Amino acid sequence: MAQLLPQGGYLHPPNAWPRPTPGQEPSRQTALLELLYERSALPAEAWRPVVIDEDWRCFSFLAPKAISADRTEYFRTRLLQTAPWVELKNTKGTSVTRSTCWYARGGCTCTYTYGRDLRMANSRSCGGQGASVPVASNNSPTGAVDCPVPEEDSHKEFQATMAEIMEHVFNGVFQGFREEEWPNAANVNLYRDGRQAVGWHADDESLFKGKESDCPIVSISLGASREFWVALKREGGSMEPDPKTVVEVDLQDGDVLTMEGRMQKHCLHLVPKGNPRAPIREERINITFRWVREHKHHCPLRRVQQAVLPRSLGGIFGEVSSPLQPYFPQVLLFTEPYLRSWSMEVAPGFLANPQHTEWRLCDNCKHVCYEEGRPCCEGAGEWSGQWFCRHCWGQWAPSLTGDLPRGPLENFSQVYASGYGAYMEPHPQDCSWWGTCSPTAPPFHTVPEVDMSCWSPTQYAGALGLDPPLQPTTYMANNTLGCLSTAPPKPVSLHGEDRRPPPQPLQSRHPPLCISGIGTLSAGSTAIPSASSGSNTPPAESKDGVDVDADHAAQQQHQDASGGSNRVEHNSRAAESDCPKWTVCGRRGIDALLEGADSLAVNSNNTRSAMRQESGNVDEIRALLLKNKAAGGDAEFFDYALAVLDKKAVEEAGARVQAEQSEEDSEVAGVNGHALESRWALWVLLVRDNLDWSEALSVVHDDICSVEELWGLLAHMHLPSALLDADYSMFLQGVRPAREAPQVLNGGRWILALQSGGNQRGALPVDRYHDVVDKVWLEVVLALLGGSLENEAVNHGDPLSCGVVVSMRGCDKDSLPGDQEPVRKKTNPSAKLALWLKGSQNRGQVRAVGNALLQVVSSTTGAEDVPHGGWRLAFEDFASRSVTQRVSMPGIDHNSSGVVRAEE
Ligand SMILES: O=C(O)CCC(=O)C(=O)O
Ligand SMILES: [Fe+2]
C-alpha cells in the first residue's frame with residue numbers, strides 16, 4: 001500500500017519529461033528508496049523539490065541556505081587555503097575551466113577521473129597522507145598536470161577542514177547518519193569566476209555504481225551564486241541533454257542540493273558559464289559528497305568493501321533486500337512528477353506565456369549560455385514576440401527571484417501529521433535505519449520494543465507495514481507508537497561546543513513581526529499611523545524618499561555604515577521598541593518571533609518545528625522551551641525565546657481583556673456603529689529581498705465590521721501612494737490574500753495596471769499618477785465593502801468578490817540587483833489594482849463584476865486623468881494561469897456611463 005503525497009505545483013510544465021518505458025525502473029514501492037530529506041534535521045518544507053519523478057526514479061531536492069553564512073565563509077576560506085587545488089583545462093589546453101581536488105576518507109586510495117582531461121589520485125598513491133593530488137591521465141589531451149609531492153601539513157589541514165565540513169553537514173543539516181555512514185568521498189570544485197564552469201555530465205562512474213543503481217549525492221555551495229541545470233539524456237541514453245527537459249535553479253551560498261535515485265543514469269547536469277555582460281566576479285566552491293561503493297583494484301578497501309559501508313545505508317542506495325522488502329508496503333509516493341519550471345512562476349502568466357518556452361537567445365541579456373542560447377519564455381499580450389530568460393524575467397517578476405516553490409512538499413506536514421505523527425523528530429546517532437534499530441531479522445517484528453521516536457518517515461512506514469499492514473492511525477490508537485508525538489527532540493549542536501560562532505547581541509536580532517514598521521507605516525501608534533496626524537516625531541525624508549521617523553535615523557546610519565542597503569531591516573529594527581503594538585496574534589506570530597532567533601539558533605530547527613507541531617499557545621510553548629533547556633539545549637536560544645514569549649504573554653493577556661471587554665460591549669450594543677455586510681481585514685505585504693512570503697505578509701488591522709471603523713481606518717492610514725514596493729490588501733476576514741488560499745483557488749482577479757509617466761498602456765501623467773491611484777483604491781474599497789460591485793439578485797447573497805489588492809512598485813533602475821540594466825526600461829513607478837474573485841466558472845458573472853469595477857474606476861477621475869489607452873481590465877484565471885477576459889472603456893468623461901467594451 002502506498003501513501004500518496006499530493007501533487008502541489010505545476011501539472012503540465014513546458015519542460016515536462018517524457019514518460020519512460022513502463023517498468024524501466026522499479027517503483028519505490030517495490031524497491032524501497034529512502035530520500036535524503038527524510039534523514040535531514042530540517043523540516044520537509046525546508047526542502048524545495050527540483051526534480052521528483054517516480055517513473056524515472058529521479059529525485060533532486062534543494063535546501064536553501066541550510067548552512068549559515070558565517071560557516072560558509074569559514075569553510076570557503078579554509079578550503080581556499082588548504083585544498084590541493086589542481087586546475088582543469090579545456091581540451092585545447094587554452095583556458096582553465098575550474099580547479100578541483102578529490103577527497104576520500106577511511107583509507108580509500110581510489111582515483112577519480114575528471115572527464116577526459118585529467119585523473120586525480122588520492123595522495124597515498126603519490127606518497128601523501130590520504131588527501132588527493134592529481135596525476136596526468138593516460139588519455140589526457142593536455143597532459144599538463146603532474147603529480148606534485150603533497151605537503152603533508154597542508155594536506156592534514158585539508159583533511160581536517162573536510163572533516164569539519166562533513167561534521168557540520170552530516171551531523172547538523174542531516175542527522176540521520178552515523179559517522180561511519182557519512183559519505184566516504186567528495187569532489188571539490190573551485191570556480192574562480194563566472195568564466196569557469198562545468199559542462200554537461202553525469203557522475204555515473206563505476207565507483208559510485210551510478211549507472212546501475214540508485215546513487216545519492218549531496219552537493220553544497222559556498223560563495224557566489226551559480227546556476228545549476230539538470231536535463232534528461234536524449235533518447236538512447238546518449239550523453240547529450242534533451243534541451244526541452246532542462247530544469248534550472250540557482251545554487252547560492254549555503255545551499256544543500258541532493259541528486260538521488262537514478263539521476264546519474266538518466267540525467268545530466270551542468271554549471272553554465274555566467275553572462276559576460278553581467279560578470280560574476282566572486283569565486284564559488286562546490287563540494288559533491290558521494291559514497292564510493294566499488295573501490296578500485298589497487299585500493300586496499302576493495303577487499304573490505306562490505307564492511308566499509310554499513311547495511312543501514314541500504315535505504316538510500318535502494319538496496320533494501322529481501323526478506324525486508326515485503327515489510328515496506330507503505331512507501332510515500334509522489335502522485336505526479338514535479339519539475340521546477342520557472343516560466344510557470346513568471347508574474348504568473350500575466351506578463352509571460354508560461355507554456356511558450358524555447359531554446360533561444362534572450363532578447364534582453366543575450367546570454368550565449370549553451371549552444372547559442374538558453375531556455376527563454378515568450379511574453380504575453382503586448383510582450384508577445386519577445387523572449388526572455390529566467391534571469392531577465394526575474395527582474396520583472398519578483399516572485400521568480402524569491403524562494404523556490406515548495407511543490408508537493410507544501411502540504412507535507414499535513415500528510416504526515418495525519419498518517420505518521422511527529423515526523424520531524426531527529427534521529428539520534430545511535431539509532432539509524434534498520435541495521436541498528438533492530439538487529440534481528442526480520443527486524444520489524446520487534447517494533448513495539450524499539451524506540452521509534454528516532455525514525456525517519458520511511459522508517460515509520462516500513463515499520464508500520466507489518467503483515468497485514470496496519471494503518472498508522474490504528475497503531476496510534478493502540479498507543480504502541482505513543483512515543484512518536486511526545487518525545488521532545490534534542491537540539492543538536494551544528495558546530496560542536498568550541499566552534500560555535502560568537503553569540504550575537506540580542507538587540508541585533510529583529511523580530512520579523514516588526515515588518516509593519518515599513519517606511520511609511522511608522523511605528524509607535526496603535527492604529528494605522530498617519531503622516532498628517534498621530535506621530536509624535538515629525539516624519540523625516542529618508543534617502544529612499546519615504547517617510548521614516550526621525551528617531552530612526554540613527555539606525556539608518558548604523559545600517560549605512562554596515563554597508564547594508566536594506567530598508568526593511570532598518571525599519572524593522574527601528575520599530576522594535578514599538579513593535580508589540582502591532583500585534584500578530586497566536587501561533588503564526590510566535591512562529592515568526594521564534595524564526596527571528598535564527599541567526600543565533602540555527603541548531604534549534606527541530607525544536608521550533610516540534611513546537612509548531614505540538615503547541616498552539618504560549619504556555620505550552622513555554623513548557624516545551626523550559627523542558628528543552630533543562631535537557632541541555634542551547635541555553636542562549638531558549639532564554640531568548642522565553643523572553644520573547646513573556647513579552648508575548650503580556651500582550652496576549654492585554655488583548656484578551658480587551659477582547660472580553662469588546663465582546664461585552666457588542667453584546668450590549670451589537671456592532672459599534674453601522675454594521676458592514678461582512679467582516680474585513682487589512683493586510684500589508686512588503687516586497688523585500690530578505691523577506692520570504694510568509695514573513696512579508698501580515699494582517700495589520702482585522703475584524704473591520706462597521707462603516708465607522710472602516711472610515712476611521714481609511715482616513716488615518718497612509719494612502720497607497722506613500723508605499724514603496726508594498727501591497728495593501730483589504731480582504732474578507734478569514735481569507736488570506738494568497739492564491740493558495742482555499743477560498744480563491746478556483747477564482748481569479750480583475751487587474752487594472754497603471755504606471756507613472758511614459759506612453760505604455762495604463763500610463764498616467766507623472767503629476768496625476770499618485771492622486772489617481774489613491775482615488776481608485778479608495779473608491780474600489782468602498783464599493784467592495786459597501787457591496788455595490790455585485791448584484792444581489794445575481795449572486796444570491798454570496799458575492800464573488802472577496803478582496804482588493806493595490807500593489808505599489810517603485811521599480812526604478814536603482815532597485816535592480818547589481819549593475820544590471822532592467823529588462824524593460826521601467827524606470828517609472830507602477831501600480832496594480834486587483835479585485836479578487838472566489839470563482840471564475842461563471843463567465844457572465846465574472847464579466848458583470850468586471851464591468852461594475854470598470855464603472856467604479858473610470859468614474860473616480862476626470863477626463864484628464866484617463867490612463868493612456870483608456871481604462872482596461874484583464875481577468876486572470878488562477879487555475880489556468882491565463883488572462884481569460886478583458887473589459888475596457890475608452891477615455892471619456894466621468895459623468896458619462898461610458899461605453900463598456902468586452903474583449904475576449
Ligand atoms: O558545482 C556544482 O554545483 C556541480 C559540480 C559537479 O557536478 C561535480 O562535481 O560533479
Ligand atoms: Fe557532477
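Both counts, for ligands and for their atoms, begin at 1 and track the order of listing. Predicted model only: the values in this text are computed from it and were never measured.
With salt bridges taken as basic N to acidic carboxylate O contacts below 4.0 Å, one links Arg374 and Glu227. No salt bridge links Arg57 with Glu54; every basic N to acidic carboxylate O contact stays at or beyond 4.0 Å. Under a 4.0 Å N-O distance rule, the pair Lys209/Glu212 does not qualify as a salt bridge.
Ring-plane geometry between Phe170 and Phe174 is classed as parallel, the angle between the planes falling under 30 degrees on a 0 to 90 degree scale with a further cut at 60.
Of the protein's non-hydrogen atoms, Arg284 NH2, 2.8 Å is the one closest to atom 3 (O) of ligand 1. Of the protein's heavy atoms, Tyr191 OH, 2.5 Å lies nearest to atom 1 (O) of ligand 1. Summary of contacts: the protein heavy atom closest to atom 6 (C) of ligand 1 is His201 NE2, 3.7 Å. Of the protein's non-hydrogen atoms, Arg290 NH2, 3.6 Å is the one closest to atom 8 (C) of ligand 1. The nearest protein atom to atom 9 (O) of ligand 1, hydrogens excluded, is given as Asn189 ND2, 2.8 Å; this is a heavy-atom distance.
Shown here is Lys233, whose NZ atom has more than 12 heavy atoms of other residues, nucleotides or ligands within 6.0 Å.
Interface of Asp203 with ligand 1, defined as ligand atoms under 4.0 Å from a residue heavy atom, comprises 10 (O). Of all atoms in ligand 1, numbered sequentially from 1 with element shown, those under 4.0 Å from a heavy atom of His269 are 7 (O). The ligand atoms of ligand 1 that sit less than 4.0 angstrom from a heavy atom of Leu251 are 3 (O). For ligand 1, the atoms closer than 4.0 angstrom to any heavy atom of Val271 are 1 (O), 2 (C), 3 (O), 4 (C).
Residue Asp214 forms a salt bridge (Lys or Arg N to Asp or Glu O under 4.0 Å) with just one option from Arg262, Arg293, Arg28, and that option is Arg262.
Under the 3.5 Å distance criterion, the side-chain polar atoms of Asn364 are left unmatched by any main-chain donor or acceptor of Phe388.
The Fe ion (ligand 2) is closest to atom OD2 of Asp203 (considering only N, O or S atoms). Summary: NE2 is the N/O/S atom of His201 found nearest to the Fe ion (ligand 2).
Side-chain contact between Gln196 and Asn189 is absent, with no heavy-atom pair separated by less than 4.5 Å.
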